[in-house]
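Please read the structure below before turning to the comments.
Lettering follows sequence order; numbering is per chain, from 1.
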Amino acid sequence: MEYVLDRFVAEVRSAINATGNVPADLVDLQPPKANIPADLAFPSFRAARELGVTPPRLTQELAAALQFAPDSLVAEVVASGPFLNFGLNPQRLAIEVLGDITRMGDTYGHDDLGQQQTIVIDYSSPNVAKRMHVGHIRSTIIGQSLVHILRALGFAMIGDNHLGDWGKQFGVIIAAIKRYGKPTSEGEMALEALEERYVRYSNEMQLDEALDDEARHCSLRLEQGDPEARDLWQWCVETTLEANQKNYDRLGVSFEHTYGESFYESMLTDVIALALQQGIAQTDEDGAVVVPSLDNLPSFLLQRSDGGTLYMTRDLATVLFRVEQFRPVRLIYVVGSQQELHFRQLTALVKALAIAPEIELIHVGFGTIFDAQGQPLSTRRGNMIYLQHLLDDAVARARKIVETKNDELSEEEKDRVAEQVGIGAVIYNDLYQDSRRNITLDWERMLATEGNSATYLQYSHARCCSILRRAGAGDPRVTDAATLSLLTQGTEQQLIKHLARLPEAIREAGQRYAPFVIADWCYTTARAFGVFFEQCPVLKADSPSLRDARLTLVAATAQALKNGLHLLGIQSPERM
RNA sequence: GGCCCGGUAGCUCAGUGGAUUAGAGCACCAGUCUUCGGAACUGGGUGUCGGGGGUUCGAAUCCCUCCCGGGUCGCCA
């Protein structure tokens, strides 16, 4: 897909090539810094050195030799010392950007570079028999945003919620239920009761080796299909899925599949046999199946000495299944950076086994969330924050703010807006910065309504909608060139240039697996709109055609902001 | 100890395949507005870009080294 700025760069490049003054591979074009009054720059240092001239001389000669058609997107060429700066034609920029947005609507910014290739993305992945907490929200939110972004880029996305429903921890849960009884409550309450049993059993297990053995035994019985263990397990899975779905619905999260680790149970012996057969793994004296160091990474196990399987075993089986089933070009894991070594080992193992030589494994890691005192959140410390409570709290606070800000809304609308604003704040808190960073949970920051916040972005969108509403009936958007050509003022052009950058922001976000690039775009765009809003009257513009043109710009801003927010998983209310 | 990530303004963060004067938000101070939603806009920065070396005409960005914080290193996930 080629957007306006792509065509602009292409025009500059081909014009430079046409002069024959600079070899094509030395033409490195980049956006100039913000303080430079230009839209594209050619820093000539490297080219000048190769050609044996001074940079300023090269740029001057080029500036003199360059030719552009009268209706070119390139309106200005200025040699500025070693830089050759290019400026956009304001009229054509306005016409083409607003034309694109008006025509493409919800798909503005989308691309076809994914060519419908399949990507399987593994995210959220909470544990069964536990409530979702802040530890799960990052994977869930980042993963869902990546699904939106990569889908917009033309990839066929398959989201898989890789439920933690297997392994030794499940032995503990089953042993605990048998020891203390099955919870009688439902939903999150039932999960809370299960957690309580799990913690109690774990603590007692520390002191009593027999309980530890019992848990391990239960884990094995479950793996071997013991009916009683299976029934308890099934109940836990169903209870958990039902409770989690409420959170997913509120966050706008959905998956193509929810296989869970248990799904791969029947494939585990084959996987271990494969590794042994290929000589990648070997059996220890005590019976454990070990994979010795690959790519200088620490060695690891595929099977415990008691015959049980591990996380790695299941992840390897999962890779095999996904490759067979979906034929993806890429497997993405949105999992905390604590597990980085695990995924490097998995990647090395997949490579050594030559299972999927064409397929990329990508671990999108993210930092840990700490409480206000800088402590890790944990059940044991008693400072754990559960997802449902977090969402409820954020929405309740948003409700209070809505109450004071806008009493024109009906109670029902206030509730809906509060939900959108509160949830938006929670999502944005996870996406506005590079996800590798650790996060300190700061309620003030998270629910801020000013500055770089979800609420400010939503508010900007709502202001656009307000203007459009007041403009009267019908779609105010026009596309005729003469009208759109009127948008040449500085603040109008600044806003249009931001709108023009959305496609590139989406590409970069996808390429870096970095939703914050979109967040950043939304914020700078909302800022540009704020300035425009102050300086340029729309409804009371000097002429009817300027009014039309500005209304079109406002409509395009609303559309583009909505598209950007959607990629983050944030709703765009029209009133708030 | 090995490996990975982070260290940029009081706080939270962008910028890091070198290149024109290092940027935002919050907080603080001072302003704007009888006009489209003030959840707004404008102005105000003496920053050891963690320290020190090195490469370069030019380094927050590349190389080396050290310091600090977080993570991780076979029978958890």
B:G45 to B:G25 separation - C1' atoms, rounded to the nearest Å: 14 Å
Is the base of B:U20 touched by the side chain of A:Asn85 through a donor-acceptor pair closer than 3.5 angstrom? yes
So which heavy atom on A:Ala281 is nearest to which on A:Val291, and how close? CB-CG2, 3.9 Å
Under 3.5 Å donor-acceptor pair, A:Asp286 side-chain atoms to B:C75 base atoms: yes
Assign A:Pro537 to base, sugar-phosphate, or nothing according to its heavy-atom contacts below 4.0 angstrom with the strands shown. base
If you check the A:Tyr432 side chain, which of B:U12, B:G74, B:U20 turns out closest? B:U12
Is it true that A:Asp295 and A:Lys351 make a salt bridge, defined as a side-chain N closer than 4.0 Å to a carboxylate O? yes
Classify the nucleic acid contact of A:Asp434 as base, sugar-phosphate or nothing, counting any heavy atom under 4.0 Å across all strands shown. sugar-phosphate
Which nucleotide, in any strand shown, forms a Watson-Crick or G-U wobble pair with B:C75, with both distances under 3.5 Å? none
Which nucleotide sits closest to the side chain of A:Leu310: B:A14, B:C75, B:G37? B:C75
Looking at A:Asn85 and A:Ser80, what are the two nearest heavy atoms and their distance? ND2-CB, 3.6 Å
What does A:Arg397 touch in the nucleic acid at a heavy-atom separation under 4.0 angstrom: a base, only the sugar-phosphate, or nothing? nothing
State which of B:G37, B:C75, B:C13 makes the closest approach to the side chain of A:Ser305. B:C75
Classify A:Val531 by what it touches in the nucleic acid, base, sugar-phosphate, or nothing, heavy-atom distance under 4.0 Å. sugar-phosphate
Return the pairing partner of B:C57 with a 3.5 Å limit on both distances, Watson-Crick or G-U wobble; otherwise return none. none
Check whether any side-chain N or O of A:Arg46 sits under 4.0 Å from OP1 or OP2 of B:G18, and answer yes or no. no
Can a side chain N or O of A:Lys540 be found less than 4.0 Å away from OP1 or OP2 on B:U35? no
Assess whether one donor atom and one acceptor atom, taken from the side chain of A:Ser337 and the base of B:C5, lie less than 3.5 Å apart. no
Touch check for A:Gly164, heavy atoms < 4.0 angstrom, all strands: base, sugar-phosphate only, or nothing? nothing
C1'-based separation of B:G74 from B:U61 [nearest Å]: 39 Å
Taking only side-chain nitrogens and oxygens of A:Tyr456, does any of them come within less than 4.0 Å of OP1 or OP2 of B:C41? yes
Consider the side chain of A:Gln338, meaning its heavy atoms from C-beta on, and name the nucleotide among B:U42, B:U12, B:G71 that approaches it most closely. B:G71
At 4.0 Å (heavy atoms only), tell me whether A:Ala41 reaches a base, stays on the sugar-phosphate, or touches nothing. base
With a cut-off of under 6.0 Å to the ring centre and 45° to the axis, is A:Arg397 in cation-pi contact with A:Trp443? yes
Categorize A:Lys405 for me: base, sugar-phosphate, or nothing, with a 4.0 angstrom heavy-atom threshold over every strand shown. base
Could you pull out the closest heavy-atom pair between A:Leu568 and A:Pro515, with the gap in Å? CD2-O, 3.7 Å
Can you tell whether the side chains of A:Lys130 and A:Glu195 come within less than 4.0 Å, N to carboxylate O? no
Nearest-nucleotide pick for A:Arg437, side chain only, options being B:C3, B:C13, B:C75: B:C13
Please determine whether a side-chain nitrogen of the Lys or Arg among A:Asp415 and A:Arg399 lies less than 4.0 Å from a carboxylate oxygen of the Asp or Glu. yes
Tell me whether A:Phe45 is stacked on the nucleobase of B:A19, counting only the six-membered base ring and applying the 5.5 Å and 30° thresholds. yes
Can you see if the side chain of A:Arg436 gets near the phosphate of B:C4 - specifically, an N or O under 4.0 Å from OP1 or OP2? no
Could you tell me the Watson-Crick or G-U partner of B:G23, where both distances fall under 3.5 Å? Say none if there is no partner. B:C13
When we call it a touch if two heavy atoms are under 4.0 Å apart, what does A:Arg527 touch: a base, just sugar-phosphate, or nothing? sugar-phosphate
Measuring from the side chain of A:Leu301 (C-beta onward, heavy atoms only), which nucleotide among B:G70, B:C4, B:G74 has the closest atom? B:G74
Is a donor-acceptor contact shorter than 3.5 angstrom present between the side chain of A:Asp284 and the base of B:G74? yes
Taking any heavy-atom pair under 4.0 Å as a contact, classify A:Cys465: base, sugar-phosphate, or nothing. nothing
Indicate, with a heavy-atom threshold strictly under 4.0 Å, whether A:Phe533 touches base, sugar-phosphate, or nothing. base
Of the candidate nucleotides B:G38, B:A22, B:G25, which contains the atom at the shortest distance from the side chain of A:Tyr523? B:G25
Suppose you measure atom C1' in B:A22 against the same atom in B:U42; what distance do you get, rounded to whole Å? 23 Å
Ring-on-base stacking B:U20 with A:Phe83 (under 5.5 Å, under 30°): yes
Considering only heavy side-chain atoms of A:Arg575, the closest of B:A40, B:G37, B:A39 is B:G37
Over all strands shown, is A:Glu261 touching base, sugar-phosphate only, or nothing at heavy-atom distances under 4.0 angstrom? sugar-phosphate
Go ahead and name the base partner of B:G6; Watson-Crick or wobble counts if both distances stay under 3.5 Å, otherwise write none. B:C68
Can a side chain N or O of A:Arg49 be found less than 4.0 Å away from OP1 or OP2 on B:C57? no
Work out which heavy atom in A:His461 is nearest to a heavy atom in A:Ser572; give both atom names and the distance. CE1-O, 3.3 Å
